[in-house]
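What follows is a single structure, written as structure tokens, with notes after it.
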Protein chains: 2
Amino acid sequence: MKKWVYYFGKKKTEGNAKMRDLLGGKGANLAEMTRIGVPVPPGFTITTEACIEYYRSGEKFPEGLKEQVQEAMKEVEEEMELKFGSKERPLLVSVRSGARVSMPGMMDTVLNLGLNDETVEGLAKMSGNRRFAYDCYRRFIQMYGDVVLGLKPKAHEIDPFEAIIDEIKEKKGKRFDIELDENDMKELVERFKNLIKEKLGIEFPLDPWEQLWNAIGAVFKSWNNERAITYRRLNNIPDDWGTAVNVVAMVYGNLGDNSATGVAFTRDPATGEKRFFGEYLPNAQGEDVVAGIRTPLPINKEGKSKEDEVSLEEAMPEVYKQLVEIKDKLESHYKDMQDIEFTIQEGKLYLLQTRNGKRTGFASVRIAMEMLEEGLLTEEEAIMRIDPEGLVQLLAPVFDIKEKERAKKEGKYLAKGLNASPGAASGKVVFTAEDAVKMKDEKTILVRLETSPEDIGGMAVAQGILTARGGMTSHAAVVARGMGKPCVAGCGALNISYEKKEMRVGDKVIKQGDWISIDGTTGEVFAEKLTTYPSEVIQVFVKKEKKLEESKIAQMFNKVMLLADKYRKLGVRTNADTPEDAAVAREFGAEGIGLCRTEHMFFKGDRIIAMREMILARTKEEREKALEKLLPLQRDDFVEIFRVMDGFPVVIRLLDPPLHEFLPHEDKEIEEVAKNMNVPKEELKAKIQSLKELNPMLGHRGCRLGITYPEVTRMQARAIFEAACKVKKEGVNVIPEVMVPLVGHWMELENQRKIIEEVAKEVIAREGVELKYMIGTMIEVPRAALTADEIAKHADFFSYGTNDLTQMGCGFSRDDAGKFLPVYVEMKIYKKDPFQSLDKEGVGQLIKIGIEKGKKTNPELEVGICGEHGGDPDSIEFCHQVGMDYVSCSPYRVPVARLASAQAALKEKKKV
Amino acid sequence: MKKWVYYFGKKKTEGNAKMRDLLGGKGANLAEMTRIGVPVPPGFTITTEACIEYYRSGEKFPEGLKEQVQEAMKEVEEEMELKFGSKERPLLVSVRSGARVSMPGMMDTVLNLGLNDETVEGLAKMSGNRRFAYDCYRRFIQMYGDVVLGLKPKAHEIDPFEAIIDEIKEKKGKRFDIELDENDMKELVERFKNLIKEKLGIEFPLDPWEQLWNAIGAVFKSWNNERAITYRRLNNIPDDWGTAVNVVAMVYGNLGDNSATGVAFTRDPATGEKRFFGEYLPNAQGEDVVAGIRTPLPINKEGKSKEDEVSLEEAMPEVYKQLVEIKDKLESHYKDMQDIEFTIQEGKLYLLQTRNGKRTGFASVRIAMEMLEEGLLTEEEAIMRIDPEGLVQLLAPVFDIKEKERAKKEGKYLAKGLNASPGAASGKVVFTAEDAVKMKDEKTILVRLETSPEDIGGMAVAQGILTARGGMTSHAAVVARGMGKPCVAGCGALNISYEKKEMRVGDKVIKQGDWISIDGTTGEVFAEKLTTYPSEVIQVFVKKEKKLEESKIAQMFNKVMLLADKYRKLGVRTNADTPEDAAVAREFGAEGIGLCRTEHMFFKGDRIIAMREMILARTKEEREKALEKLLPLQRDDFVEIFRVMDGFPVVIRLLDPPLHEFLPHEDKEIEEVAKNMNVPKEELKAKIQSLKELNPMLGHRGCRLGITYPEVTRMQARAIFEAACKVKKEGVNVIPEVMVPLVGHWMELENQRKIIEEVAKEVIAREGVELKYMIGTMIEVPRAALTADEIAKHADFFSYGTNDLTQMGCGFSRDDAGKFLPVYVEMKIYKKDPFQSLDKEGVGQLIKIGIEKGKKTNPELEVGICGEHGGDPDSIEFCHQVGMDYVSCSPYRVPVARLASAQAALKEKKKV
């Protein structure tokens, strides 16, 4: 006879943690806890094989299952000293599904199974609480009706059981379920039973065994309900795995004063501190804690905030001692901070659940590093334990949570937008970049409908950015993250009027100069000044205001980084356009610049004038004259950057954006520029008009500029190589990599390469220095990836520009996707915003094709990524898998990338 | 001893047409002409193998070559009764390269080789013309200097020989070379020789044999000059093919009155008529005909325009008779109309060249069909002989060429733009679509900077379209071609002022209401009314004003089409949005609609109002109310189209463009719409603003609309299926194929398919008819092609939207590419505009990947193309090769597609 049922309990435990495939995650875990001596209510697991056999035989229970379940139930009865179906001391059970992997949303659960008109009286007697017993009963009927009898309403439909409850509450003038009394519960039980009869024409089954078998069948069937099928399809889970069924004895924390229920974390989930941390309620059920009707008490003296609170440690010292032992056991067994649920029934402790606890990024670092010190984790395990995203929290300035709560209470909370760049900032509202610059000695928050490259100056001096439009990868968000500056983007509730220099949220009016605070970590916006302070890591590594020895958290951060470097294989570079950014990135461990955008340099100060002269030139000669003015400025920028990056490669991208972006747009400004340039206003306007494009993203930009205006490429190449020669003479080890943007055809690169090489040869010969350099290209046009074999013949390196590759590969305008992409993510068409996390199935194919083809014709090809994805852990793992040499990301994400790279390498090692 | 030299001449001819690889194209052809008895000056070909051996041995002539050349030269001397290097009767030769395939631009040629200070006197004696002899000599020195001695100037440099000529002309006060006399020529000879001495420090070689060997070496070397290497790289010609060298006796048409030179076509290249057609000049050289100094005479009496002209037929009846025999021989040998060059030296006829003649589309049809009748061509050969593009000329309305010439003389010629849609049209200038509509009872030409979908109404009533911006695939061009309406696009010389309602070209001012004429076949624009008339084919097939029996050209057209249908494998459908277009396409043989765009329907008449209500709706209910108004209108459109397409499938694309396109943009219009809709103007403006997109092409459009507003998809599906059921009841065999646009992810299609199927089921059940239908998708996003295996699971058909696929695959905005794509095409980065002819290397890969992956998971998948490329012969061949089921193109290109499909099938057959 095949074994379908695995028992777990004091007497014997037949399963263990390794039997996930057979017992499901939950079943294996319950067995494991029991096996290591943690008190868990006894029960048994019906195997996934039974489920598969159930389907194979046309939805019939396999032979022998009945007997094995009856046998196991007997053991539960013995252990619990109760009896299933007894009128005196009834054993009640929970019935839960449990597949190999967690499938939230498909789990069907029935609690309190075994209750009927007779056993409910037994429960009433045992608990000394008839209301409780009937409450359990009516809940059971509802759950049974929903799950087993299929009365669960579809989304947007009203649950017929809830309708009845509402009716009774209204009749009685009550607001909450908790206010209903024993007789109300009894009435509910009767009406629920009638409802089932009316709706389905059947009687609610009073026989506990009939209840049990129907519940088991329902759980099996739930494997093939629509949402489970959808979930599996979305997560690539095979349909033939099946689900296990867990039948577990119910225990109650509300059977008197020596009963209780509680939740706890084995360490502090906010700070990571090693202290046992939790709450409990005497004589209560788990639900009561969640409902928040009664105020829970701390589990230990340490957690007390008032003297007169009685902690569990004081109320039941023996049980508390046992709980501490258990939490130590669980932590050392699971090697992670645990989030546990427990119930004390008549002085007897039961663990109902243990799982890895959720924690802040802050806590995740501390816990992992301390567990490593404690010898609980190996280095590799510790690395894998930290959420790379969480590292960002260590860098961001912070608001005090209590301050925020106070502000909310006082009506100062305004709205919530996207948490586009983490950190907290307060300042006076300004609505234009110029105003921000004018007020640069004050703290400002730049508030815009959306930002554009012209706003860079204002963004640089503002404390934070707040926009009404745009998503996580809008200009504002990207630049803010690049600057390590807090940003709340796409805050649709804002009604901004540039004319009136004010914004409205409902009836609140915020005028220019009013203080606001934005929390980029949460997306919250407040209408007052909340104080912020830079994180310790920033104080130590960037501001150098504190020594490493003085900050425990900075030391931990440092340790994580050194560990990550030990295991990672990917190089980590940074996207930096200024010496300042480059310097920050080096402090964070960047091994070079993966993307230095030259266009931002043209917005600085007076340069925009020369740039505009270049764009508006009527002849090649005029254009070259304007370029002559830009040359020394750009050269000086490169000199500074090369010095900062001594010993590391610097990838410099040639001019990329459409020229239109450099021109003035507002009438007044056009007039001013026309006057400055000594050009008739109408002519300037006409030129601006002629440069306007319907789809600038796909327009005259990138190498298309360098091909139609080779003198621009020539000037930029000259600036790069003259700067490189200059610093080389100073003894700086300079490694320039010149990157041609937006190449789609090998001949574009060949064309630009020739110009760059000519200039390089000439400058190097003239300066008489030895200089190694590379010339390569962005791969950001789908065609480039598809024809990478041809392109690689002319490239020393590829750098994947995954922002544009995603835009073109998926056909999404990053700036316009706000209208549909959030809907897509919500509908799970894309699981994550493809601008934040690489679309591996689609865009990923282009990357793979490009690398394979590129390396085929040029095995020496260096390959990296410089899109926003270079700082996203999931995408970094992909970059590792497809064999890139490095990732490049904004300075403040370099730590994230270092850690994520190490994790990618370790995951691969584990597979092999 | 290896054979390096192949002789051709009367006595013996060693080569033939099949020896292309060994003798090069020119050499094989000269041999072939000689072999079939056509008189060609004798000569010999040095093989490509000799060239390869030359390089293999470090640029040394292979052993035995000298002897074989000397031997062959002797035979030439004998045949010509002249002697190489003779002072009395010198033999002069031409030395020309000639590879396996024609490589225009790399061909180095030296004429008159063998001249020196002594032989020139012999030539003078023989010709009786010292000026001629010295002219030959100075030309020879220049050519030798350029080609053999490497003095050929680079682009933009001045030829040092030309500089001397200019100097002498200035000194003498002459304007043309022809005005220089014998002594000037002698001076040139001396100064040229001195130039060589000064520049290179060597004497110009007087020994004819030295001249010859240096020239042969130079031709070999020219195989590896920069422009030849570039040409080979661009055309995938292997570097190791080498070039042959042809040494041919010079003959002269200017040795007296019984000498002459001429060119001729074996049939009329303009009309295709079978008549011998050409010109000659007595006592002249080929160059004189080209220079146009003397007026050439007709070769036969038939060609005489004046009585006193003496035709060759009259002047030299014997030679003419021989020429006629030769042209018949060449035509029947080469099976194509020939373009020949001949020289008569002292009564002796020589053919210097024969090649397939260029002809108009008109002529190409007539020649092929008549040669088929004559039994000269098989059906398959006749099909292959017609340029599919040329068919368009048979459909386009026409201007009289003489009228145009007159207009030009009278200063009525304005400018030239792109010949975007063939045909001729005249009308009064209007600058707005509304004005065109207002004046719809008059003939108008709509002149715009560029057009947009709002202009459709105006375009439909105008005779032709003229735009200042945009390329061959701009909105104006595409729509005009779709409408079969003449269009000149991107006419940059126009200076349009909407405000003043006028345009300027230089100092000419054209005001609204003035007559202009545009020739879409040539791109010319005239400032007056030129008369046009519809072509005979249109009169017969579309207008039905003429019977097929009455038009010879329509009969020929018809015959070509029937022949094409016999051999083609691809289906040919049409892109048509209206019953009228669909009807035209059926007359042209379309087998269904491959793309019916539903959005154009929303612009018609009052519908735009309901459409705007839909877009501006604040709630789902408001939106549904507006959609209710659109439903019956759209249904009626489909009813008409289904009726016209009885028996054929109709692919209907759901709403595709960004909603913004339907809204008013000008202040005044917004005010009007706001009033009509009873909405505050500011609210309307804000809504329009909020719908504006930075890159609308990659924005909220296509199925993204249907997913965010499922009620739109539902309405459209309802209109389609209700219309289908209605006509089905009438007995129409309706085959709807519903197409979801802009799918990039399979879940998008799954989502829309579900909605469409639900509606279909409901409508079909309600109407109680049997109806087969398909649901499929455009493949136009690169991601869709890459993940076609997943998408095909939810699709009954794919239709490649290659316009958008090119935009996204190459990263080119079709509307903005005008600034760089023409430069790219000029630089040969793309050989053709990728919007006109499919980019096979790049976008083609996406198509191949998509078909392979799609058919893998869905072998029944129907695959077609509905982008503009569906009407391009080159792209159609590709579609055939990758296994598509059909192509779809605008109605007026259906004949082109039918013919191109047949040619693709025949080409494939030939390969197998």
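Heavy-atom basis, side chains included; hydrogens, waters and symmetry copies ignored. Note on naming: letters A, B, ... go to the chains in the order of the sequence lines (proteins, then strands), and numbering restarts at 1 for each one.
At least one side-chain heavy atom of Phe820(B) sits under 4.5 Å from a side-chain heavy atom of Thr708(A). Put simply, the side chain of Glu748(B) reaches to within 4.5 Å of the side chain of Tyr824(A), judged on heavy atoms. Contact annotation: the side chain of Met697(B) never approaches that of Met697(A) to less than 4.5 Å [non-hydrogen atoms, C-beta and beyond]. Counting heavy atoms from C-beta outward, Met827(A) and Asn751(B) have side chains that approach closer than 4.5 Å. Taking the side chain as every heavy atom from C-beta outward, Leu694(B) and Asn695(A) never approach each other to under 4.5 Å.
With a threshold of 4.5 angstrom between heavy atoms, Ile849(A) approaches chain B through side-chain atoms but not through N, CA, C or O. The part of Glu750(A) that comes within reach of chain B is its side chain, from C-beta onward, which places non-hydrogen atoms under 4.5 angstrom from that chain. Only the side chain of Asp839(A) comes within contact range of chain B, with heavy atoms under 4.5 Å apart. Neither the backbone nor the side chain of Glu780(B) comes within contact range of chain A; no heavy atom of the residue lies under 4.5 Å from a heavy atom of that chain.
The 12-atom threshold is not exceeded at NZ of Lys848(A), counting heavy atoms of other residues, nucleotides or ligands nearer than 6.0 Å. Other residues, nucleotides and ligands place more than 12 heavy atoms under 6.0 Å from the NZ atom of Lys681(A).
Every residue was checked against the side-chain hydrogen bond (donor to acceptor under 3.5 Å, both in side chains) condition with Glu693(B), not counting sequence neighbours, and none meets it. Shown here are the side-chain hydrogen bond (donor to acceptor under 3.5 Å, both in side chains) partners of Tyr709(B), two or more places apart in sequence or in another chain: there are none. Residues passing the salt bridge (Lys or Arg N to Asp or Glu O under 4.0 Å) test with Glu852(A): none are found, sequence neighbours excluded.
Scanning residues 655-663 of chain B against chain A with a 4.5 Å heavy-atom cutoff picks out nothing at all.
If you take CD1 on Ile707(A) and CD1 on Ile829(B), they are separated by 4.0 Å, rounding to the nearest 0.5 Å. With rounding to the nearest 0.5 Å, the separation of CG in Asp816(B) from CG in Leu698(A) is 8.0 Å. Atom OG of residue Ser813(B) and atom NE2 of residue His700(A) lie 12.5 Å apart, to the nearest 0.5 angstrom.
In terms of heavy-atom pairs under 4.5 angstrom with chain B, the leader among Gly699(A), Gly842(A), Gly809(A), Ala785(A) is Gly809(A). Most heavy-atom pairs under 4.5 Å with chain B: of the set Met808(A), Arg704(A), Lys819(A), Gln845(A), this distinction falls to Arg704(A).
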